[in-house]
S.K.: 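Could you have a look at this structure, given as structure tokens, before my questions?
Hydrogens, waters and symmetry mates are skipped; everything else that's a heavy atom, side chains included, is used. Here the structure is a predicted model, which is why all the values come from computation and not from measurement.
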Amino acid sequence: MMKNLIKALACAFMVVLYACNTTTQKPEGQTNTPSVPDSLDKKWWKEAVVYQIYPRSFQDSDGDGIGDLKGIISRLDYVKSLGVDMVWLSPIYSSPNKDNGYDISDYQNIMKEFGTMSDFDMMLKGFKERNVKVFMDMVVNHCSSEHPWFKSACSSRNSPYYNYFHWWPAEKGKPPYRWSIFDEKAYAWEYNKPTNSYYLHYFADAQPDLNWENPALRQEIYKMMRFWLDKGVDGFRLDAIAFCSKDTTLPPLPKEYDGNWGMYYASGPHLHDYMQEMNREVFSKKEIATVAEAMGDVERVMKFVDPARKELNMAYYFEAIDFGYLPKEYKMPDPKGYDFVKWKQIYAKWTDAFAKKGWGTIYLANHDQPRMLTRWGNDSPEFRDMSSKMLTTFIMSMRGTPYYYFGDEIGMSNIKFDKVEDYNDIELLTNYAQVKAKGGDLKRFLNGMKISSRDNGRTPMQWDSTFQAGFSTGSKTWLKVNPNYISVNVQAQDKDPNSILNYFRKIVQLRKSEPILIYGDWKLVDEKNPSVFAYTRSLNGRTLLALMNFKATEAKVNTTGLDLNKAKVRIGNYATPSVNGILKPYEAVILEL
Ligand code: TEU
């Protein structure tokens, strides 16, 4: 009896000891935010705020009108001052710039306009010294037609690089139809005379698709990724990665595809085998993070980030950002506006899905989008300030890692070019040519593009009110500077405690200090409200209520079931934030209940 009791006590002691050990030993990659239970699967990349830099437009150091790495180096302290944890750097590799670096001709070299490898090393060191991690943009679905692999492949079918690409031999007749974006004929095959065959390009003909079905190509890519990891980069954003696997039997396109990237091109037969292989060969070797530019519905996107599958860490999806365009017309905004309630439901669907598995991202802009202020807020002088802060509050209070685009922190807005000659973007120019070829309404097209074109988000950063907004000393910048730089610029906002910039800094700190905003549950409130995006975030018995009025008129939220009596303001964009659920135009407030 006594013996058994001693045995039982000893066992209990061992169990307690074991439990203590397992809770004190944090798995790799976990951080030490207080009061977050380990069951939440903490990771540094879930807690990070990502800031995207489009190097071409950030800071020019040599007066050629094009941003460069030395320019970024000169702004390291600014980036640090924002409080962000990680920078996503759009491509800086050698490129003929048909698609501004998203067409790479040498993956292990720096684009000449941007500087040299030693500039890169210095920049990386500078970020590291400031505790800011760096994410590289990996464009490996395709390369540039100037890449030596492609040049060699084009010379002969016997080239060792021929099978690095997808070809259709002309003796078999015309290839089965595939559509392309960034191609004036919207045709994804281009004939190459020396090899008497057609090569495949889902994007421009200057962006031939790499043949991922070839193991030798995949090994080259992994080797190249290791090269950057050995330099000390902290992760990768995988561009258009969902398109990398192709059905090489090239069956006729299924009738229902209807040009839908997500449902057809993004579902190649071996896509996830390759993601798992890449994880084993590259990602698992270092403490890094990865994000997929994923396409398709929840089920498809989830495959990238389901931890059990060991592929990537985060994914971003397009359903919400592409909302409100007319069907079958290239990014043509619906003149009737967009259905706000449906838009909220899209976010709810994805946020709920990522709550069960994986991890999502949250963004309202990037280099493929117009400025968030113009598209989702209100860029009139009256509402620029409030609606910028409101959108920032949305990004920073949602569940998922925030990806914030440079310039949004000062409320930059669309430049709204009148003339096609002002544009640079291959996407816009291709679509303009297509509308023209069909005898379409070019004026209507250009008007629509004032809202949605990518170049709106690529104009130079507005640092101050001096010549060229302090971006460049050159007389011509690669894209024009938005004339509103005289009032909308970093220098003016830095000094003003109530500026959009300082609101951004403040809310970044709030997010970092408040685990509820990172790990807390997310629940939509007053779902049918036509003006207000409202949700709760809760964790460990504490609840925050985020309220954002997306409209220029006062709006009331139905808060039935929530007790606002003792509500405490955590942050708000008005001097006197609302605590009663009645919101002023573009008001945003986060309340602790
Ligand atoms: O974009 C991938 C993509 O699928 C595009 O269709 C994207 O949806 C489009 O640009 C939106 O207007 C990536 C890059 O982010 C983009 O900048 C590149 O142009 C593209 O790949 C080709 O590399």
S.K.: Using side-chain heavy atoms (C-beta onward) and a distance below 4.5 Å, is M461 in contact with R75?
M.R.: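 SC-SC contact between M461 and R75 ruled out.
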S.K.: Taking D103 for its side chain and Q207 for its backbone only, find out whether a donor-acceptor pair lies under 3.5 Å.
M.R.: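 No, because the side chain of D103 does not come within donor-acceptor range (under 3.5 Å) of the backbone of Q207.
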S.K.: Distance from D60 atom CG to E113 atom CD, nearest 0.5 Å?
M.R.: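 Result: 11.0 Å between the selected atoms.
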S.K.: Can you tell me if Y78 and D494 form a side-chain donor-acceptor pair at under 3.5 Å?
M.R.: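 Their side chains do not contain a donor-acceptor pair, so the 3.5 Å distance test is not met.
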S.K.: Grab the two heavy atoms, one from P55 and one from I72, that are nearest each other, plus how far apart they are.
M.R.: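 Looks like CB-CD1, 4.1 Å.
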S.K.: Tell me which pairs pass salt bridge (charged side-chain N to carboxylate O under 4.0 Å, His left out) where either residue lies in residues 453-471, with sequence neighbours left out.
M.R.: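 For residues 453-471: D99-R454, D368-R454, D368-R458, D425-R454, D425-R458, E427-R454.
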S.K.: In Å and rounded to the nearest 0.5 Å, what is the CG to NZ distance from L446 to K450?
M.R.: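 Those atoms lie 8.0 Å apart.
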S.K.: Hey, mind stepping through S145 and H201 against side chain to side chain contact (heavy atoms under 4.5 Å, CB included) and telling me if it holds?
M.R.: CA-CA 10 Å; S145 51; H201 61 91; over 6 Å; no
S.K.: I want to check a possible cation-pi pair here: R375 against F323, using under 6.0 Å from ring centre and within 45° of the ring axis as the test.
M.R.: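 The answer is no; the distance or angle limit is not met.
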S.K.: For the residue pair R444 and Y432, would you count it as a cation-pi contact if the rule is NZ or CZ under 6.0 angstrom from the ring centre and within 45 degrees of the ring axis?
M.R.: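 Judged by the rule (NZ or CZ under 6.0 Å from the ring centre, within 45° of its axis), R444 is not positioned above Y432.
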S.K.: Atom CG in N498, atom CD1 in I500: separation rounded to 0.5 Å?
M.R.: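 Between atom CG of N498 and atom CD1 of I500 there are 11.5 Å.
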S.K.: Judged by modelled atom types alone, do D68 and S61 share a side-chain donor-acceptor pair under 3.5 Å?
M.R.: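 There is such a pair (donor and acceptor under 3.5 Å, judged by atom type) between the side chains of D68 and S61.
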S.K.: Does the side chain of T401 pick up a donor-acceptor pair with the side chain of W45 at under 3.5 Å?
M.R.: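 Looking only at side-chain atoms, W45 and T401 do not form any donor-acceptor pair under 3.5 Å.
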S.K.: Y338 and ring pair (Phe, Tyr, Trp, His ring centres under 6.0 Å): which partner among Y325, W376, F550?
M.R.: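 It is W376; the other options fail the test.
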S.K.: Is it the case that K551 places NZ or CZ above or below the six-membered ring of F340, under 6.0 angstrom from the centre and within 45 degrees of the axis?
M.R.: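 Judged by the rule (NZ or CZ under 6.0 Å from the ring centre, within 45° of its axis), K551 counts as positioned above F340.
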S.K.: Is a salt bridge present between D85 and K133, judged by a nitrogen-to-oxygen distance below 4.0 Å?
M.R.: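 Between K133 and D85 there is no salt bridge, as every charged N stays at least 4.0 Å from the carboxylate O atoms.
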S.K.: Between the side chains of N109 and S94, is a donor N or O closer than 3.5 angstrom to an acceptor N or O?
M.R.: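 Side chains of N109 and S94: no pair found under 3.5 Å.
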S.K.: Side-chain contact, heavy-atom cut-off 4.5 Å: M412 with N482?
M.R.: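 The answer is no; the side chains never approach within 4.5 Å.
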S.K.: Quick one: ring-ring contact (aromatic ring centres under 6.0 Å, His included) pairs with a partner in residues 117-140, sequence neighbours left out?
M.R.: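 Residue pairs passing ring-ring contact (aromatic ring centres under 6.0 Å, His included), neighbours aside: F120-W228.
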S.K.: Find out whether I110 and T116 are in side-chain contact, i.e. whether some heavy atom of one side chain is under 4.5 Å from a heavy atom of the other.
M.R.: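 The answer is no; the side chains never approach within 4.5 Å.
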S.K.: Please check if any side-chain donor atom of T393 sits under 3.5 Å from a side-chain acceptor atom of Y503, or the reverse.
M.R.: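 Judged by distance alone, the side chains do pair up.
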S.K.: Hey, is the main chain of D119 close enough, under 3.5 Å, to the side chain of D121 for a donor-acceptor pair?
M.R.: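 Checked: no pair found.
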S.K.: Which class fits the ring pair F354 and W350: parallel under 30°, tilted 30 to 60°, perpendicular over 60°?
M.R.: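 If you compare the ring of F354 with that of W350, the planes turn out tilted.
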S.K.: Check side-chain hydrogen bond (donor to acceptor under 3.5 Å, both in side chains) between D422 and all other residues, then give those that pass, not counting sequence neighbours.
M.R.: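 Once residues adjacent in sequence are excluded, the partners of D422 under the side-chain hydrogen bond (donor to acceptor under 3.5 Å, both in side chains) criterion are K480.
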S.K.: Parallel under 30°, tilted from 30 to 60°, perpendicular over 60°: which one fits the rings of F243 and Y265?
M.R.: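 Plane angle over 60°, so perpendicular.
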S.K.: Does any N or O in the side chain of D239 come within less than 3.5 Å of the main-chain N or O of M138, such that one atom is a donor and the other an acceptor?
M.R.: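 Checking the backbone N and O of M138 against the side chain of D239, no donor-acceptor pair under 3.5 Å is found.
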S.K.: Counting N and O atoms only, with roles assigned by atom type, does the side chain of Q468 sit under 3.5 Å from a partner on the main chain of G474, one being a donor and the other an acceptor?
M.R.: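 Flag set: sc Q468 to bb G474 pair under 3.5 Å.
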S.K.: Under the salt bridge (Lys or Arg N to Asp or Glu O under 4.0 Å) rule, collect the residues that match up with K506, sequence neighbours excluded.
M.R.: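 Here no residue qualifies.
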S.K.: For the residue pair H142 and L210, establish whether any side-chain heavy-atom pair is separated by less than 4.5 Å.
M.R.: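 Answer no - side chains too far apart.
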S.K.: Are the side chains of F58 and W463 in contact, using a 4.5 Å heavy-atom criterion?
M.R.: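 Counting from C-beta outward, W463 and F58 do come under 4.5 Å.
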S.K.: I need the single residue from W88, Y51, F504 that forms a ring pair (Phe, Tyr, Trp, His ring centres under 6.0 Å) with Y404. Which is it?
M.R.: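 So the option named by the test is F504.
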S.K.: Can you list everything that forms a salt bridge (Lys or Arg N to Asp or Glu O under 4.0 Å) with R537? Sequence neighbours excluded, please.
M.R.: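 Per chain and number, R537 pairs via salt bridge (Lys or Arg N to Asp or Glu O under 4.0 Å) with no residue.
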S.K.: Look at the rings of F533 and W522 and say which category their plane angle falls in: under 30° parallel, 30 to 60° tilted, over 60° perpendicular.
M.R.: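 The rings of F533 and W522 stand perpendicular, inter-plane angle above 60°.
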S.K.: Roughly how far apart are I410 CD1 and Q462 CD, rounded to 0.5 Å?
M.R.: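 These two atoms lie 5.5 Å from each other.
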S.K.: If we ignore hydrogens and angles and just use 3.5 Å, is the side chain of N456 paired with the main-chain N or O of S453 as donor and acceptor?
M.R.: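 Yes: the side chain of N456 pairs with the backbone of S453.
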S.K.: Looking only at side chains, do T374 and D379 share a donor and an acceptor under 3.5 Å apart?
M.R.: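 Judged by distance alone, the side chains do pair up.
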S.K.: Evaluate Y405 against R371 for side chain to side chain contact (heavy atoms under 4.5 Å, CB included), listing each step before the verdict.
M.R.: CA-CA 9 Å; Y405 190 53; R371 284 285 166 193; 3.5 Å; yes
S.K.: Indicate whether any N or O donor in one side chain lies under 3.5 Å from an N or O acceptor in the other, for E47 and Y519.
M.R.: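 Checked: E47/Y519 side chains pair up, N/O donor to acceptor below 3.5 Å.
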S.K.: Any chance you could measure S95, atom OG, to K112, atom NZ, to the nearest 0.5 Å?
M.R.: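 Going from the OG atom of S95 to the NZ atom of K112 covers 9.0 Å.
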S.K.: Ignoring hydrogens and angles, state whether a donor on the side chain of Y102 or S90 is under 3.5 Å from an acceptor on the partner side chain.
M.R.: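 Note: Y102 and S90 side chains meet the donor-acceptor criterion.
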S.K.: I'd like to know whether NZ of K125 has more than 12 heavy-atom contacts from other residues, nucleotides or ligands below 6.0 angstrom.
M.R.: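 No, NZ of K125 has 12 or fewer neighbouring heavy atoms, counting only those of other groups under 6.0 Å.
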S.K.: With no hydrogens and no angle check, is any side-chain donor or acceptor of D334 less than 3.5 Å from a backbone partner on K336?
M.R.: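 Here the side-chain-to-backbone pair exists.
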S.K.: Is it the case that more than 12 heavy atoms not belonging to K98 sit under 6.0 Å from its NZ atom?
M.R.: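 Counting neighbours around NZ of K98, 12 or fewer heavy atoms of other residues, nucleotides or ligands fall under 6.0 Å, so no.
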S.K.: Any chance the side chains of Y202 and N141 put a donor and an acceptor closer than 3.5 Å?
M.R.: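 There is no such pair between these side chains.
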S.K.: Can you tell me how far OG of S81 sits from CG of L501, rounded to the nearest 0.5 angstrom?
M.R.: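 Here the rounded value is 6.5 Å.
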S.K.: Could you pull out all residues at least two apart from E184 that satisfy salt bridge (Lys or Arg N to Asp or Glu O under 4.0 Å)?
M.R.: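 Scan of E184 (salt bridge (Lys or Arg N to Asp or Glu O under 4.0 Å), adjacent residues dropped) gives none.
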S.K.: Against V233, only a single residue in L89, L124, I288 fulfils side-chain contact (heavy atoms from CB on, under 4.5 Å); can you say which?
M.R.: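 Output: one option passes, namely L124.
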S.K.: How close do S413 and L373 get, counting heavy atoms only, and between which atoms?
M.R.: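 Nearest pair, atom of S413 first, then L373: CB-CD2, 3.9 Å.
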S.K.: Using the side chain to side chain contact (heavy atoms under 4.5 Å, CB included) rule, take M225 and L238 through it: C-alpha gap first, then chi angles, then the decisive distance, then the call.
M.R.: CA-CA 11 Å; M225 286 176 164; L238 289 144; 3.6 Å; yes
S.K.: For residues V589 and I571, determine if any side-chain heavy atom of one lies less than 4.5 Å from a side-chain heavy atom of the other.
M.R.: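 Sidechains of I571 and V589: no contact.
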S.K.: Check the surroundings of atom NZ in K342: do more than 12 heavy atoms from other residues, nucleotides or ligands lie under 6.0 Å from it?
M.R.: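 Result for NZ/K342: open.
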S.K.: Is the closest side-chain heavy-atom distance between L429 and Y423 below 4.5 Å?
M.R.: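 In contact.
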S.K.: Is it true that Q491 and S465 share a donor-acceptor pair across their side chains at a distance under 3.5 Å?
M.R.: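 The answer is no; no qualifying pair exists.
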S.K.: Please lay out, stage by stage, how D234 and K128 fare under the test side chain to side chain contact (heavy atoms under 4.5 Å, CB included).
M.R.: CA-CA 10 Å; D234 303 284; K128 287 203 173 289; 3.4 Å; yes
S.K.: Would you call D385 and K389 a salt bridge, taking side-chain N to carboxylate O under 4.0 Å as the test?
M.R.: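 K389 and D385: salt-bridged.
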S.K.: With distance as the sole test, does K43 use its side chain to make a donor-acceptor pair with the main-chain N or O of N313 at under 3.5 Å?
M.R.: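 Checking the backbone N and O of N313 against the side chain of K43, no donor-acceptor pair under 3.5 Å is found.
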